[in-house]
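This report concerns only the one structure given below.
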Amino acid sequence: MRGRGLVNRLAMIVAAVVLPAPLCAEDGYDLWLRYAPLEGEALARLVRFNPEIRINDHAGYVDPSLEVAAEELARGLGAMVKGAADGKDADGIIELACEGLEGVNSERFVVKPFREHDRFGLRVTGGDYGACVYGAFAILRELSLGADPYTLALDETPAMPLRMLNHWDNPDGHVERGYAGRSIFEWWHLPEKLDPRMIDYARANASIGINAVAVNNVNARAFMLEPRYIAKLARLADAWRPYGIRVFLSARFSAPRDIGGLATADPLDPAVQAWWRAKADEIYAAIPDFGGFLVKANSEGQPGPQDYGRSHADGANMLAAALGERGTVIWRAFVYAVEYGAEDSTDRTMQAYAELVPLDGQFADNVILQVKNGPLDFQPREPFHPLFGAMPQTRLMLEAQITREYLGQATGIAYLAPMWEEVLEAGTGRGGTVAQIIAPVGMAGVANTGSSRNWTGTHFDAANWYAFGRLAWNPALTSEQIAREWTAQTFTRDAAPREAVVHMMLTSRETVVDYTAPLGLAHLMGTGHHYGPAPWVCDLERPEWNPCYYHRADAAGIGFDRTATGSNALAQYTPEIAAQWADPPTIDPRYLLWFHHLPWDHRLTSGRRLWEELVATYDRGVSETEARKQVWAALVPHIDPDRHAAIAADLAIQSTEARWWRNASLAYWQSLNRLPLPDGAAPVPESLAAYQARTFPEAPGQ
Ligand code: BDP
């Protein structure tokens with residue numbers, strides 16, 4: 001009793017000393033655009049600056065982008081000085097002076113100081129009106145991070161022209177691989193009614209530089225090309241235009257047959273060409289700045305040019321001709337097994353390269369090939385896709401997955417910037433890093449938004465949306481810088497708790513790799529919903545859908561031999577890159593079993609046997625999810641109660657899932673190799689059969 005009393009007294013003293021002012025409950029809706037009130041010197045400076053916001057009109061014309069920029073500045077500055085400014089002594093001006101100039105990089109903005117008598121001003125200029133929106137958000141970000149308005153100077157140009165979100169949203173509101181509720185797009189009420197959320201969505205995107213959105217799933221429904229949907233899309237395009245966002249549609253290749261009354265969708269058929277041309281004209285009449293079509297063709301059952309014996313280039317070029325100079329065809333490189341239902345004995349990771357490299361130089365100028373980060377399918381870790389650098393006469397863009405289909409879906413934390421940084425920085429040996437190769441074109445991220453109040457299902461998943469945009473704007477930013485910015489804007493500017501959160505984020509993706517896909521393993525997830533472990537699955541119709549196809553484990557060893565003695569996928573990389581990965585003693589262990597099939601007792605450079613290393617890696621993953629719960633618990637005084645509690649629950653789910661992945665995987669590997677667990681490793685609590693019997697009929701996203 002006495003002991004308890006002392007603990008309580010101590011807790012009260014600690015609380016009295018360290019607790020900041022009570023934190024209001026927050027629901028995450030405002031994302032990183034909370035504009036929390038500043039404190040201390042930063043507040044004093046902003047109170048003094050508290051600028052008058054001016055818009056430079058052009059012969060009486062005020063562009064809507066300038067209005068949007070001014071509104072955002074008023075909103076953000078007002079919130080950050082909340083209650084502290086009466087404006088009496090304020091001496092600041094922000095002048096929005098962007099113009100609609102032709103022939104300059106239209107998205108570049110410059111923020112420069114100027115003097116007007118005894119007043120101090122920041123002038124925002126840019127190559128187009130929309131640049132002022134980027135400038136306004138950049139000023140707000142800097143001030144929110146504590147920058148001094150009196151010394152602020154910015155000059156930014158996005159690294160790549162196309163910075164895009166791909167929504168896998170279906171018109172019925174279901175989101176493929178979506179873990180944040182239903183679709184944010186209210187097709188039923190459009191075009192008459194525009195959900196205000198569509199404006200907040202545009203603000204969030206503009207604040208991180210996203211300038212293009214494909215609104216529907218790549219597994220597309222043809223009817224979204226019908227006039228009623230064009231009208232709906234036009235309403236969205238009008239709403240988003242001031243924010244610099246262009247709309248794209250995923251187009252179903254067989255649309256001329258599905259909705260056009262034609263007998264064929266053969267790209268070389270003049271009637272088909274005329275149909276698409278007329279369709280494009282119809283869209284441009286409603287949406288003059290329509291971005292173009294995103295197309296998944298001859299992939300996983302989707303129709304495409306190969307249905308008529310034509311190539312991907314024939315298909316893409318036909319659509320490109322229909323759009324003409326007005327727009328772009330984004331053709332996905334995610335193709336495997338030439339014909340659906342047909343088997344291809346080639347290693348699946350090699351098929352896109354094999355099929356597409358011979359077409360280099362054949363694609364029209366307004367065609368972009370969109371290539372996933374790795375050659376398989378958004379796995380927790382993959383080497384970079386060998387197509388990067390291998391098609392010098394084709395415009396390539398990167399496709400990343402923001403939604404965490406294979407990295408825990410929407411539970412716990414997996415901050416993905418380190419994963420994207422890994423691919424962007426990868427040297428291809430053919431014309432630079434991936435970031436350099438895609439710089440003239442762009443990158444797309446599969447969106448993770450949904451109807452959840454906080455947009456992304458978990459609060460931390462908003463960091464992935466944020467980081468994707470920031471990296472597309474500037475791939476030279478580090479994951480750490482981005483995490484710090486996001487945390488300061490989202491949770492707290494106080495250094496100690498902020499750094500604790502940043503640290504949790506930076507290590508979180510590697511933790512998921514550790515407990516789901518250690519040492520280069522991949523594609524071990526449950527069938528269909530892709531939730532949880534199922535390395536034992538080996539009976540699916542197509543060989544390359546089975547986890548056993550990828551791990552190739554048996555009594556003797558584990559891993560996929562992609563060297564010259566196996567599939568020789570290594571040969572799709574340059575000899576220098578291939579050499580880095582060719583030998584087990586010198587390969588980065590993170591790619592070990594991606595490229596090599598090795599005996600369970602293979603000795604690693606760490607000194608451990610492969611089996612011991614695998615177990616140790618799973619265990620590291622599990623223990624890190626445990627540790628993160630503790631770190632988060634200690635942040636109670638610094639995070640508002642609702643978000644703190646929600647994240648605590650997410651982290652608890654994640655550590656349960658980590659344990660499940662570890663145990664189910666080990667039970668299965670042990671059923672093959674019959675090896676005991678290394679000394680000190682926790683026993684697997686259930687039988688393999690028990691793990692195999694688990695089912696998840698309600699798992700979302702399928
Ligand atoms: C896979 C997803 C599937 C997508 C496919 C794609 O499981 O839902 O349709 O990618 O990118 O990872 O087309």
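Order of listing sets the numbers, starting from 1, for every ligand and every atom in it.
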Dump all N/O pairs between ligand 1 and the protein below 3.5 Å as a table: atom names plus distance, one pair per row.
from     : atom 1 : to     : atom 2 : distance (Å)
ligand 1 : 7 (O)  : Arg177 : NE     : 3.1
ligand 1 : 7 (O)  : Arg177 : NH2    : 3.1
ligand 1 : 7 (O)  : Glu405 : OE2    : 2.5
ligand 1 : 7 (O)  : Tyr406 : OH     : 3.3
ligand 1 : 8 (O)  : Glu176 : OE2    : 2.4
ligand 1 : 8 (O)  : Arg177 : NE     : 2.9
ligand 1 : 9 (O)  : Glu176 : OE2    : 3.0
ligand 1 : 9 (O)  : Asn219 : ND2    : 3.0
ligand 1 : 9 (O)  : Lys296 : NZ     : 3.0
ligand 1 : 10 (O) : Lys372 : NZ     : 3.1
ligand 1 : 11 (O) : Arg332 : NH1    : 3.4
ligand 1 : 11 (O) : Arg332 : NH2    : 2.6
ligand 1 : 11 (O) : Lys372 : NZ     : 2.7
ligand 1 : 12 (O) : Asp377 : OD1    : 2.7
ligand 1 : 12 (O) : Asp377 : OD2    : 2.8
ligand 1 : 12 (O) : Glu405 : OE1    : 3.3
ligand 1 : 12 (O) : Tyr406 : OH     : 2.7
ligand 1 : 13 (O) : Lys296 : NZ     : 2.6
ligand 1 : 13 (O) : Arg332 : NH1    : 2.8

Please confirm whether Tyr531 and Trp660 have ring centers closer than 6.0 angstrom.
yes
With sequence neighbours left out, the residues meeting side chain to side chain donor-acceptor pair (under 3.5 Å) with Tyr618 are Trp669
Would you say the ring centers of His167 and Tyr201 fall short of 6.0 Å from each other?
yes
Does any N or O in the side chain of Ser451 come within less than 3.5 Å of the main-chain N or O of Gly181, such that one atom is a donor and the other an acceptor?
no
Thr458 side chain to Asp461 side chain, donor-acceptor N/O pair below 3.5 angstrom
yes
For Gln654 and Thr625, test the side chains for any donor-to-acceptor distance below 3.5 angstrom and give the result as yes or no.
no
